[in-house]
Amino acid sequence: MPAISFKNVSYSYVDGNESFLALEDIDLEIADGEFVCLIGHSGCGKSTLLSLLAGLSMPTAGEILIDDAPVSGPGPDRSIVFQSYSLFPWQTALKNVMFSIRQTNKDISKEQAKMRAMELLAQVGMEDAANRYPFQLSGGMRQRVAIARALGIDAPTMLLDEPFGALDPLIRGKLQELLLRLWNEGEGCCKTAVFVTHDID
C-alpha cells in the first residue's frame, strides 16, 4: 500500500474568466520511506503538484491520499522547505526552529523546545549561529535553518520545493549531502521525502 497516492489529479488556475490547466490526470504512487524527485523545467507544474500534496491548494479533479486518508488541507504529518527559506525575519535561527517544535508539540516546555532546537541546528551545522537573525545569515545558512525548522515538525513526510535552487553549486552540493545523510540516519527526519527540482544534478 503506497503512503501517498495521486488518483487522476488535475488542477487549473483561474484568473477572472480564464483558466489555465497546470496538471492533468496525474497518477502517482509513493511508498512509505521513499525519497522521490520530481524533475522538470520551470512552469511544468512541479510546485503546483507539491502545493496540492501540502494541502495549500485543492485539486480541480481527482484526489490525493496519504495513508488512505484524503488530503483536505495542511497538516502536521507534512513539513515543507521552500526555495525562499520563509524564515520569520524578527526571530533568531533558534527561535525559528523552536516555533515549529512548539506548534506541533503543545505539551513541550520552552526549555525542552530550546534543547531540541539546538540539537537540530547542530545536525545542520548551525549551532554557532543560533542567536543570529536571518538577515545576518548567508543564503546557504538560512536554508540550513529552514531544514532544521522542517525537521522540528518531526513529520513522517517532508516536501521540498526547489530548496537549493537559489544557492551556488558548492553550497548546493553540501546541502544535498546533508539532506541525504539526515534522511538516511532517520534521526528526527522524514520517512518519506518528495523533492521538486529542475536541476538534474
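Computed from a prediction, not measured in an experiment: that's the story for all the values here.
Scanning both residues, Ile64 and Pro59, for their nearest heavy atoms gives CD1-CG, 4.1 Å. Considering all non-hydrogen atoms of both residues, Arg78 and Gly73 come closest at NH2-O, 3.0 Å. Between Leu121 and Ala148, the closest heavy-atom pair is CD2-CB, 4.2 Å. Scanning all heavy atoms of the two residues, the minimum distance from Ile80 to Ala150 falls at O-CB, 4.2 Å. Closest non-hydrogen pair, Thr104 versus Ser100, comes out as OG1-O, 3.0 Å. When all heavy atoms of Ile4 and Thr157 are compared, the pair lying nearest together is CD1-CG2, 4.1 Å.
Applying the 6.0 Å contact sphere to CE of Met115 captures no more than 12 heavy atoms from other residues, nucleotides or ligands. For Asp15, the CG atom counts as loosely surrounded, since its 6.0 Å shell holds 12 or fewer non-hydrogen atoms of other residues, nucleotides or ligands.
Note that the CD1 atom of Ile66 and the CG atom of Leu53 stand 5.0 Å from one another [nearest 0.5 Å]. Rounded to the nearest 0.5 angstrom, Arg149 CZ and Phe88 CZ are separated by 6.0 Å.
In terms of hydrophobic clustering, with Ile, Leu, Val, Met, Phe, Trp and Tyr side chains grouped at heavy-atom distances under 4.5 Å, Ile26 and Leu21 are assigned to different clusters. Note: the hydrophobic cluster containing Leu38 also contains Phe82 (ILVMFWY, side chain heavy atoms under 4.5 Å, direct or indirect links).
Membership of an apolar cluster is not assigned to Ile153, as no side-chain contact below 4.5 Å to another ILVMFWY residue is traced.
Contact of the Glu63 side chain with the Asn8 side chain is not registered, since no non-hydrogen atoms from C-beta on lie closer than 4.5 Å. Taking the side chain as every heavy atom from C-beta outward, Val9 and Asp25 never approach each other to under 4.5 Å. A heavy-atom distance below 4.5 Å is found between the side chains of Phe195 and Leu179.
Put simply, the side chain of Lys95 never gets that close to the backbone of Trp90: no donor and acceptor are under 3.5 Å apart. For Gln136 (side chain) and Tyr133 (main-chain N/O), a donor-acceptor pair under 3.5 Å exists by modelled atom type. Judged by distance alone, the side chain of Glu177 and the main-chain N or O of Lys174 form no donor-acceptor pair under 3.5 Å. Panel note: side chain Lys7, backbone Gly62; no donor-acceptor pair is recorded below 3.5 Å.
There is no side-chain donor-acceptor pair under 3.5 Å between Ser10 and Thr60.
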Worked verdict on Val124 versus Val145 for side-chain contact (heavy atoms from CB on, under 4.5 Å):
CA-CA 7 Å; Val124 299; Val145 174; over 6 Å; no
Let me see the working for Arg102 and Lys110 under side-chain contact (heavy atoms from CB on, under 4.5 Å), right down to the final yes or no.
CA-CA 8 Å; Arg102 299 193 80 187; Lys110 187 175 180 180; 3.8 Å; yes
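Ionic pairing of Glu111 and Lys114 is not present here: no N-O contact between side-chain nitrogen and carboxylate oxygen is shorter than 4.0 angstrom.
For Tyr11, the ring-ring contact (aromatic ring centres under 6.0 Å, His included) criterion is met by Tyr13, not counting sequence neighbours. Evaluation of the side-chain hydrogen bond (donor to acceptor under 3.5 Å, both in side chains) rule for Ser109 yields Gln112 as partners, not counting sequence neighbours. With sequence neighbours excluded, the residues satisfying side-chain hydrogen bond (donor to acceptor under 3.5 Å, both in side chains) with Glu162 are His198. The side-chain hydrogen bond (donor to acceptor under 3.5 Å, both in side chains) search around Asp161 returns Ser47, not counting sequence neighbours. Contacts of Ala117 classified as side-chain contact (heavy atoms from CB on, under 4.5 Å), with partners at least two apart in sequence or in another chain: Leu94, Val97, Met98, Ile101.
Relative to the six-membered ring of Phe135, Arg142 misses at least one condition, a distance below 6.0 Å or an angle of at most 45° to the axis.
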